[in-house]
Structures are given as C-alpha cells and as structure tokens.
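Below you'll find the structure, written out as structure tokens, and then a few comments.
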Amino acid sequence: MKQEIEQLLSAAVTRLTGTLLPTPPAAGTIVVERTRDSANGDFASNVAMRLAKGAGLPPRTLAQAIVDALPASPQVLRCEVAGAGFINFYLAGDAQAQVVRQVHELGDAFGRNASGAERKVIVEFVSSNPTGPLHVGHGRHGAFGASVANLLAANGWLVHREYYINDAGRQMDILAASIWLRYLEACGERFTFPANGYKGDYIRDIAANLLQRDGDTLQRPEGELFGNLPPDEPEGGDKDEYIDALIVRARSLIGEAGFRTVLDLGLAAILADIEQDLGEFGVTFDRWYSERSLADNGAIDRALHKLAQHDHVYEKDGALWFRATAFGDDKDRVVVRDNGVKTYFASDIAYHLDKRERGFDLLLDILGSDHHGYVARVRAGLDAMGEPGSSLEALLVQFVTLYRGGEKAQMSTRSGEFITLRELRNEVGNDACRFFYVMRGNDQHLDFDLELAKSRSNDNPVYYIQYAHARVASVLRQLESRGLAFDGAQGLDNLALLTTSHEAAVLTALDRYPEIIRLAADNRAPHALVHYLRELANSFHTYYNAEQFIVDDAALRNARLALVLAVRQVIRNGLTLLGVSAPDTM
RNA sequence: GCGCCCGUAGCUCAGACGGAUAGAGCAUCGGCCUUCUAAGCCGAGGGUCGCAGGUUCGAUUCCUGCCGGGCGCGCCA
C-alpha cells in the first residue's frame, strides 16, 4: 500500500516538473510514511516541504499543487494539506482489507521481495575456535547470524552460510597436548596438568575415546615427558613457555603423525559437538571452511604473492609486513613472523580473497565486538589485493550477560565453568533462546534473564506471540466442533465487512509486514521483526477480546476468519525467519 | 593517548532516510472469565531523549566539543 502511494506521488511530482518544479527531484526525495496519529490520515508525505525551497514556493502552496496533480486512485479516499505542508492520505474503506487477500494468495511467500536482486552474499558467523563447546555468547552469534541470513534470503539475496574453522595454529596444538595428557592419565600416568591446558571435562571424554580406539600405542612414561622442562606458572614460571615446550616434547615423543592423530580426533569430536549443538538450535551452514586448507592448498601464499606483486609488503626486523597504513589502517601488519610462521592475519586476508574469488558480492562477517579493530585491517588487505574493501561488512555483536532473577550468572553452578549454549537451551528451550537472542540490536549489550526466558507467563514475549498463533488454531478447532467450516471464497468476497476499529488495527499491522521484512534486512536488524510481531500479536489479542469471530452471519464470520487466518500466516512467516516455532496449541 | 559501540520512563529497550502530541514490555495502581485458550484484554500514573553549542522552517535523529559506561589498540588466535 505504501508503495502504491509513493507511485501516485511520484506521478504527481513528475507532472509538475518543468512548470512549478525546476528540476526532477533527486532519488529518495519522495517518501511516504505511516502516520502515528490517525487524525492525520493513514499515510503522509513531507515531499512538498523538501521541494519547497528549490521551487521558491511556500510549502503549503506546493503541497496543494501536488495534491491537485495526483492521479485518481480507487485506494485513496481523499488527501489534504496539513500542518507545515504535509500531504495526508486517507485510504478508501476497503482498500486496507485487500492485504488479507494477498496473504491468502501468497501464503508462506507473503512478505518476500526481490530487492536483493539475486546478489550473492556470504554470511560468516559463529566461527568459534574448535577447542571446546559453544557458550552463551556464541549462541547470540548463531541466532543473530541465522536470522540475518534468513532475512536477506527473504529479500531476494542468494545467501551462503559459512562457519570458518580456526583449525590451524597454536590453540590447536594446545588442544592436542591437553587431550594427550588426559589420555596418559587414563593410561595410569600421574602428573600435574599444565596451567594453560584445556581443563574441561570434554577433553577427558575425547581422551577416553582415543584410548578405546588406539589402545596404549601413544602411551609414554611421564618421566620422559616432563624431564628438563621450564617451570609452569604455579612454580613461578611462564605458562605459555611451559606449554609450548610441552608441545615440542610431545611431538618428539609420539612423532608428528602421532600428534596429528590426537589433534584430528579432538578436532573432529569438538566440531561434531558444535555442529550438533547448532543444528538442534536451528542454525545450519552451507559450508564449514577449514583455515588449515588455506595453507594446504597454497591460498595464503597466493594472497601474499598478490600483495607483493603490487608492492604492498616490505621486510623489517626479519619479518614480512603488509603496508596497511597505505589503505587506511592504523598501523602496518606483520604477515610472516621472523620465525617464518605466517600470522593469523595472513590467513584472514587469504580467506576473504577466496570469498571474493568465489563470486560473492557482499561479505558479511558477524563478529564479537572485541574484534572491531580487525575490520579495517581486512578491508585494507582486500583493497591492496585489488578487491573492494567495501564489499566487507562487519556486524559487531555485543556481549551477553546472563542473569538469574537479577543476579549475574555467567558460570554454571554444576561445573563452575562458563555456561554452555547447550545448558542454556536445555534450561529455557530453543524457542525462547532464539527469540531472546535477537530481541535487541546487535550493537546493544544483551541482558539475558534466565528466569524471564523460562517463565510461562505474560512476562515472556515469545509466548505472547506464539499464543496469538495458537489461539487462531484454537478458533478453527472450535469452528469444527460446532460443525462449521471456513469458506475462504466467501470470506475474501466480504472483506468490506471488516469495519471495526480493532479490525482496522489488525489490517494495518498485516499491511506493514512486507515493509518490516525489507527494513529488517536492509538494516540487518532482526529485532525490528521481533518488535513488529509483538505489535501484530497485540492487535490480534485485542481484537480477540473485543469481538467474536464465530458468529451466525456466515458472510461476516468467514470474513473475520479470513482475517485471523491471515494473522496466523504472517506470525508463522515471521517466526520462521527468526527460527522460532509456531505451535497450534499451548 | 587513539579507534569502535552505547547513554531515551523506576528497570530492560524500540524509535531507518531529520517531521506533527517521543513509544513498548516489565514493575506500580485500578478494572474484565456462564461467551472462540486469562500464557489474554482495558485503563491510570511515570520523560529537561547524558550535558553544551552548531546546521535547519523543524533535531531524540545530522555535525562539533565535553561527561559517563563497554570493548579494542601484539611478530596472540
């Protein structure tokens, strides 16, 4: 409806161009918005105020001229000039009701549009280090990323969802060493576990699987392992030095192949756990992309070569530096350390180059807010390699603070460690989780109250929306039990009977849905959809309390049922984009 | 010190492109179940939109400077 009014205005302004208006208006000048107060009509435009100065006319005079030039439309009852020069549109009585017909015709597709124009976008999110289970912060990334990806797809983007596996580097070595040490413990060796090792119970589980699969083939006496090592932190040493020395020792004792066996087993186990966890959460990926593969297939060398070709690298202090400052970054960045090891940043730019080479127009990275410094670097890298840095868009997700009735509760009461996503899901349920995670904008800190998310009361917004959906289903059950059936044709033919103020409110809410889908995708703002769904549910609940749907008058009954079925459809469409279920009973 | 984000009702937050009387939930207070699910509805109170300037016909929104909070500024990943 909003679009149609914009078209009317555009036609009127075009008609005046050359006479009252010296030049055609710039794109984006003709804007129509919904009025906040129905006393000002249903829609309003400020176009006359924006064009008045250029035309050398008082805003109200120009506004009246535009109104006079508007083409006639069956949708618009009348329009008038108001205030400082607003043009207010009053819709014809049955114009709004046509949205019900649209919803019935389009079904699941209602609200989708083609604004993305089949551009290719890669959404990279979660990408947690595969060194342990996901915790509550990763859950927000998963829920947010999945919802943004769904919204983009609903707007006609070709969406690819990807998880970048940080399976190279020192953290992986520490993981492997930790597993091997727990394996030795399981073999009966006794020693003090390193301060910097991974201490979670899942490490013991993986070690137990290793023992079961490979027997004691990797066992070595602890004396050989710990002899002549630097002191660990509790002994006054440096925990990083200690664990690095331990890793070197482990490699020499069980060989590179043996070490790799342990590492791969651990990596596979943890990734399987993460994939299952996210899968149960309704978060899935088209590809799990291995960082290690970038080194193995030469992609990093190719990226570095590309930088060197364009003369954007130099040597200093034995290391190879990328001249990032030439591309707007704060400082130059090391890509190859003086010990010959390539930095994490080197694989990052290689990865992003690879994304471009795979043909993605938009690279959407969903990152923790603590990674904001990283964006300028990677953009600089892309520019230096001849790819537009502007194709990278980073969405920074702020931290999650868990509360349990008002008290901070970051730690699990059972294990004393960070609460995992799985624990959270088990406690509050997937629906409430997905919903609470996207209730706030990504750049807003999120207070996640466990008690509120669990409460099955009117405090809980997710149930409020689901309840509206279930109520419609309940109405249909009631209809059937009275021996009646919904006559869709009759309902859609009698939409003009939907005249109460409550029906008008529901119709307006339904009509807004396509606008919200567009807005939420353009702004990468799933929370806009959350707020909308609450308002739609509110208009429905109010209607439900005010009017009976199952009335004796068949024409009115079917018109009302057509309306509430449209509400059910739109709620279902919206919740689906958020990864939340739409139950028929509660 | 530099950079990014945030500051709106007692609390948690919406307010895209500058527009008409700044909204919602929770909390507080008062009403509504012999009628399709009360996980619901209706009503009331509650605000110098952090502060100070600037641009504009018009600023919560844009710009500048302060104040307060979070995060980041490695040859870590």
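Chain identifiers are assigned alphabetically (A, B, ...) following the order of the sequence lines, protein sequences preceding nucleic acid strands; residue numbering begins at 1 within each chain. Only a predicted model underlies this, so the values are computations on that prediction, with no experimental measurement involved. Because only heavy atoms are used, hydrogens play no part in the values below, and waters and symmetry mates are left out as well, while side chains stay in.
Nucleic acid contact class of Asn166(A) (heavy atoms, under 4.0 Å, all strands): none. Here Gln398(A) lies in heavy-atom contact (under 4.0 Å) with sugar-phosphate atoms only.
Listed pair Tyr464(A) / C41(B) meets the phosphate criterion, a side-chain N or O lying under 4.0 Å from OP1 or OP2. Listed pair Lys331(A) / G74(B) meets the phosphate criterion, a side-chain N or O lying under 4.0 Å from OP1 or OP2.
Taking the six-membered ring for Trp and the full ring otherwise, the centers of His141(A) and His138(A) sit at least 6.0 Å from each other. Phe549(A) has its ring centre less than 6.0 Å from the ring centre of Tyr543(A).
Below the 3.5 angstrom threshold, one finds a donor paired with an acceptor across the side chain of Asn88(A) and the base of A20(B). Under 3.5 Å, the side chain of Asp330(A) and the base of G3(B) form no donor-acceptor pair of N or O atoms.
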Each nucleotide of nucleotides 9-17 of chain B classed B (base within 4.0 Å of a protein heavy atom), S (only sugar-phosphate) or -, in 5' to 3' order, makes ---BSSSBB
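Toward the 5' end of RNA chain B, the nearer of the two residues Met49(A) and Arg482(A), judged by each one's closest nucleotide, is Met49(A).
Comparing G19(B) with A59(B), their C1' atoms sit 10 Å apart, to the nearest whole Å.
Taking a pair as Watson-Crick or G-U wobble with both distances under 3.5 Å, the runs of three or more consecutive pairs in RNA chain B are B:1-7 with B:67-73, B:10-13 with B:23-26, B:28-32 with B:40-44, B:50-54 with B:62-66.
With a glycosidic angle no more than 90° from 0, C33(B) adopts the syn conformation.
Classification of the Phe540(A)-Tyr544(A) ring pair by plane angle, with boundaries at 30° and 60°, yields tilted.
A heavy atom lying under 4.0 Å from RNA chain B marks the following residues of residues 536-554 of chain A, by number: Asn538(A), His541(A), Thr542(A), Tyr544(A), Asn545(A), Glu547(A), Gln548(A), Phe549(A), Ile550(A).
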